[in-house]
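Can you read through this structure? Questions will come right after.
Only heavy atoms go into these numbers, but all of them, side chains included; no hydrogens, no water, no symmetry mates.
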Amino acid sequence: MASSTTHSLNINTPRKNLFAVHFLRSLSKLKRQKSFIGPKKTTERVRKIKTAAYISMARAAGGTSQTWSRAILWRLHRRAQASKIGGYYTKPKKRSSGADVTRGRIWRRRSRRYETTDADRLRTVVPGGGDMETLKLMVETAHYIKCLSMQVNVMQSIVDVLSA
Amino acid sequence: MENELFMNAGVSQPPVMMTSPSSSSAMLNWVSSSTQPVDPSLSRNLSRDCLFWEKSTEQSIFDSALSSLVSSPNSNFSGGGVAHGDNFIIRELIGKLGNIGEIYGAPASNGNVSSASCYATPMSCSPPPPRHMMVTKPPTPLAEFSGDTGFAERAARFSCFGSRSFNGRTNPPFPINNNNVPVVANEKMPRVSSTPALKPLAGESSGEISRKRKTKSKQNSPSTASPSKEVEEKEDSNPKRSKKTEANEDKTKSVDDDPYKDYIHVRARRGQATDSHSLAERVRREKISERMKLLQDLVPGCNKVTGKALMLDEIINYVQSLQRQVEFLSMKLSSVNTRLDFNMDAFMSKDIFPSSNNLMHQQVLQLDSSAETLLSDHHHNTNLQLNPKISSNNYIMTPLEPSETRSFVSHLPTLAHFTDSISQYSTFSEDDLHSIIHMGFAQNRIHELNQGPSNQVPSNMKAEL
């Protein structure tokens, strides 16, 4: 069983190259935006960069193959729709249902209150984890950790290159 | 599943089967196989009942009875051994096993019994009498059975099995209930219910089939309880689990060598409803523990932590720290970006890529320049054309949904640009340097065609490829 789960994780090893390419492209795009350059709106810039980083990570991780990557891209999609339509922006709130789904499943030895906190904390951390089973959630978390660490490495190297 | 077993068993020759202790069931298999084309329900009942008999502790009685039915060369022969009487009894047995109404009412029943009796003839070596006697079958089989209490007992057992252990899957095989039968049935009930071998068989067929691997092997394997294996498993499992295994040890059968001993270790045999529940729980817990181990390997410095809660805390902290790092680095990037000029080519040449793939670097460099030229004017439509290309690449990038790409494009047009260029990039990776030179030419063309509608540009790029 361990081999099977590791195998399932190894299918989508995040590629540094892909992520780097994506991210750099998005960065260059962001640079070209006029509102970007300038000392004002630092937080806005930061947020945009962060979003771009996450999106490129999601794409590098395999687009819609992972639930969390799908969630990230879906968030972007919704934001785009909201900006288009103008104001009608609904954030998918699935966390409660996710808790209900898995409440009766595992970790029975814990109290009810604990049951909600154990897997739900993971769900709050990992994007798109609000509606998943705990087992899938753990696999997603593992993949997400891999991708996150890769992202951190790439970004760190980019910063080093830029600042050096 | 059960039928498979019995078909397999039925393949072997009857006289061989007779010698073994499982011959009783085998004989019934063979009977059931013979009757199958005529009365499937009957054969089903037979097969199910055979399942029981194979595992029941009171097999010896049945063996003797069956041997009395069929005059085997071996000396299992204990009861009355008249050839025609044997066929008679066989017919009675068959009648008891299945729906009596069906057998006696339907005209096919005669064919049923005749076929059975025909098959019985090789053993009895007297073809004509059974056909003759078949006609004169009494309507109530119990009258004859009353003379043979053993048969009544077994018939009662059948009824018990049919009604109880199979959860009503079989029709209650005794619509005609004599006075004897219920009494005997009641007597037999505790014995029947006590034999735990019955329940797991039903439980297996109904319950956790999907979970159990090699259930066939489990059933086929003789009841060789290897306590050593179970002991090993007990040591490996949790103390909670071991308690249950101890409870089941005497009653359950061991499995053959199987990497998934744990949850095939027949706890489900104990009973259906409760155990499928707890078994599912146990399986889940094991799965979760395995995945926690995997996560433990991913998260650095987590080897000392044991237990799900602490492990989970560690994992969550780690993920949050990684996210904070990303945010911090993005802040740094934003500050750096404003200061320095953003030179993508410079990045690509640096050691960002862990693999020293010069080919890729060159391609990326060319693509960078092309992408930048494309950035100036871009239309959404073109990206959709290139989506199928994305799927063809050897990278992990999966094609986004067209709706998504459209929306992305509307909001962030250049991101779609990236997919555009990336797709081309991927195709380049399969070509040799020759194609890269072509790309160089293509870039020049792109520069020229910059003013034109961008629809043409990617098509030109494609043409270059």
Side-chain angles (χ1 to χ4, degrees), chain A residues 1-2 5-6 9 12 15-18 20-22 24-29 31-32 37 42 45-46 49-50 53 59 62-65 73 76-77 80-81 83-84 105-106 108 118 121-122 125-126 134-135 138-139 141-142 144-146 148-149 151-152 154-159 161-163, chain B residues 260 281 284-285 287-288 290-295 298-299 308-309 312 315-316 318-320 322-323 325-327 329-334 336-338 340 342 344 346-347 350 352-355 360 364 371-372 375 395-401 404 407-408 410-412 414-415 417-418 422 425:
Chain A
M1 174 91 67
T5 41
T6 47
L9 285 178
N12 275 337
R15 297 281 198 103
K16 265 193 187 182
N17 314 331
L18 251 186
V21 165
H22 278 302
L24 290 167
R25 300 267 156 81
S26 60
L27 276 182
S28 66
K29 174 267 302 181
K31 262 224 113 179
R32 271 161 178 77
I37 301 167
T42 317
R45 253 188 293 144
V46 168
I49 288 178
K50 197 171 69 158
R59 291 205 175 190
T64 52
S65 66
L73 296 169
L76 183 72
H77 181 220
Q81 276 185 342
S83 67
K84 248 191 174 179
R105 289 205 189 217
I106 50 122
R108 279 172 189 275
D118 267 338
R121 275 190 287 163
L122 254 189
V125 166
V126 177
T134 310
L135 289 176
M138 301 187 77
V139 179
T141 312
Y144 185 59
I145 287 172
K146 270 191 187 176
L148 263 184
S149 49
Q151 185 184 37
V152 163
V154 171
M155 287 179 79
Q156 185 68 52
S157 53
I158 288 173
V159 166
V161 161
L162 272 181
S163 56
Chain B
Y260 294 87
E281 263 191 58
R284 270 195 150 264
R285 254 180 258 146
K287 277 191 194 171
I288 283 166
E290 284 182 26
R291 281 164 202 201
M292 291 290 282
K293 280 178 200 165
L294 275 171
L295 282 173
L298 272 182
V299 176
K308 274 184 223 162
L312 204 68
I315 290 167
I316 287 169
Y318 185 64
V319 170
Q320 280 171 346
L322 280 177
Q323 284 173 342
Q325 257 182 323
V326 167
E327 191 166 349
L329 282 171
S330 64
M331 275 195 331
K332 233 185 170 183
L333 257 182
S334 69
V336 160
N337 263 352
T338 52
L340 293 178
F342 198 69
M344 281 219 306
F347 294 145
K350 302 266 179 167
I352 292 172
F353 302 104
S355 63
M360 242 169 37
V364 168
E372 287 185 18
L375 280 172
Y395 285 94
I396 305 160
M397 214 163 67
T398 56
L400 300 171
E401 297 166 289
E404 270 186 343
S407 63
F408 293 148
S410 63
H411 186 63
L412 294 167
T414 48
L415 276 182
H417 260 300
F418 304 151
I422 287 298
Y425 173 45

> How would you list, by chain and number, every residue that makes a side chain to side chain donor-acceptor pair (under 3.5 Å) with B:Gln323, sequence neighbours excluded?
Replying inline: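 Scan of B:Gln323 (side chain to side chain donor-acceptor pair (under 3.5 Å), adjacent residues dropped) gives A:Tyr144.
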>> So, taking the atom named CD1 in A:Ile145 and the one named CD1 in B:Ile315, what distance separates them when rounded to the nearest 0.5 Å?
In response: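 The distance works out to 6.0 Å.
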> What are the two closest heavy atoms between B:Val326 and A:Gln151, and how far apart are they?
Replying inline: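 B:Val326 and A:Gln151 have their closest heavy atoms at CG2-OE1, 3.3 Å.
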>> To check you understand the geometry: which heavy-atom pair defines the closest contact between A:Thr141 and B:Leu295, and what is its length?
In response: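 In this case the closest contact between A:Thr141 and B:Leu295 is C-CD2, 4.1 Å.
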>> At a 4.5 Å cut-off on heavy atoms, which part of A:Gln156 comes close to chain B: side chain, backbone, both, or neither?
In response: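 Contact with chain B: backbone and side chain both.
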> Hey, what do you get for CG (B:Leu312) to CE (A:Met138), rounding to the nearest 0.5 Å?
Replying inline: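 Output value for this atom pair is 7.0 Å.
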